[in-house]
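In this chain, residues are counted from 1 in sequence order.
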Amino acid sequence: MKIEHVAIWVADIEQAKRFYTTYFEGVANDKYTNEAKGFSSYFISYPTGARLEIMQRTDIIDAKEKPLLGWAHIAFCVGSKERVDELTKQLQKDGYTLESGPRTTGDGYYESVILDSEGNQIEITA
C-alpha cells in the first residue's frame with residue numbers, strides 16, 4: 001500500500017504551482033477546471049513517484065487564522081545537508097519566510113522549515 005497523493009487548498013494556484021515545481025523538482029500536469037463548481041487543480045509529480053494536488057475553489061478564500069488540527073507540514077528530502085542549506089538560502093533570497101533552521105532536530109533530522117506562498121510549513125530535510 002502507498003499514499004497516492006496529498007492535497008492542499010490554496011488561494012493563488014498559479015503561485016503555488018510555481019513554488020512546488022521551481023524549488024522541489026515537481027512537474028505539473030495540465031490544469032483541471034470545473035467551471036460549474038468553481039474548482040481547479042494541478043497534480044504535481046515528483047521523481048520518487050509522490051504527488052501533490054494543489055486545489056483552488058472560488059468559495060474557499062479565507063486564510064487560516066489560528067492553528068488547526070490536521071496536517072502540519074509537507075517534508076521534502078533534498079539528499080544532503082549542503083542541499084538543505086543551499087535551498088534554504090535560495091528560498092530566503094527569493095522572499096520566503098524561514099520559520100526555523102537549518103538545524104539538526106532532537107530526532108536526528110537535518111532540516112529547515114520555510115513557509116510556502118500560502119504560509120504553509122514546508123520542511124526541507126537531508
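When all heavy atoms of Glu53 and His5 are compared, the closest pair comes out as OE1-NE2, 3.2 Å. For the pair Lys17 and Thr21, the tightest heavy-atom approach, listed with the atom from each and the gap, is O-OG1, 2.8 Å. Considering all non-hydrogen atoms of both residues, Ser40 and Thr33 come closest at CB-OG1, 3.9 Å. Contact between Ala126 and Cys77 at its shortest, heavy atoms only, is O-SG, 3.4 Å.
Here the OG atom belonging to Ser41 is positioned 7.0 Å from the CG atom belonging to Asn29, to the nearest 0.5 angstrom. From Asp59, atom CG reaches atom NZ of Lys37 across 11.0 Å, with rounding to the nearest 0.5 Å. Between Ile13 atom CD1 and Glu118 atom CD the span is 9.5 Å, to the nearest 0.5 Å. For the atom pair NZ of Lys89 and CG of Leu87, the computed distance is 12.0 Å after rounding to the nearest 0.5 Å. Note: Glu123 CD to Thr105 OG1 = 8.0 Å, rounded to the nearest 0.5 Å. Rounding to the nearest 0.5 Å gives a distance of 7.0 Å between NE2 of His73 and CD of Glu111.
Both Phe76 and Val6 belong to a single network of hydrophobic side chains, linked directly or stepwise wherever heavy atoms of I, L, V, M, F, W or Y lie under 4.5 Å apart. Ile44 and Phe24 fall within a single hydrophobic cluster, where Ile, Leu, Val, Met, Phe, Trp and Tyr are joined by side-chain heavy atoms under 4.5 Å apart, directly or via other members. Using a 4.5 Å cut-off between side-chain heavy atoms of Ile, Leu, Val, Met, Phe, Trp and Tyr, with links allowed through other members, Val113 and Leu98 fall into different hydrophobic clusters.
No side-chain heavy atom of Asn120 sits under 4.5 Å from any side-chain heavy atom of Ile74. Side chains of Ile8 and Met55 form no contact here, defined as non-hydrogen atoms less than 4.5 Å apart. Contact of the Ile124 side chain with the Leu91 side chain is registered, since non-hydrogen atoms from C-beta on lie closer than 4.5 Å.
Residue Asp30 qualifies as open at atom CG: its count of foreign heavy atoms under 6.0 Å is 12 or below.
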Just list the side-chain donor-acceptor pairs under 3.5 Å for residues 78-85, sequence neighbours left out, or say none.
from: Ser80; atom 1: OG; to: Arg83; atom 2: N; distance (Å): 3.0
from: Asp85; atom 1: OD1; to: Tyr110; atom 2: OH; distance (Å): 2.6
from: Asp85; atom 1: OD2; to: Tyr110; atom 2: OH; distance (Å): 3.4

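Inspection of the Gln56 and Tyr42 side chains reveals no N or O donor paired with an N or O acceptor under 3.5 Å.
Glu25 places no side-chain N or O within 3.5 Å of a backbone atom of Tyr46 that could act as its donor or acceptor partner.
Legend: residues meeting ring pair (Phe, Tyr, Trp, His ring centres under 6.0 Å) with Tyr96, ordered by chain and number and at least two apart, are Phe19, Tyr23.
Using cut-offs of 30° and 60° for the angle between ring planes, the Trp9 and Phe39 rings count as perpendicular.
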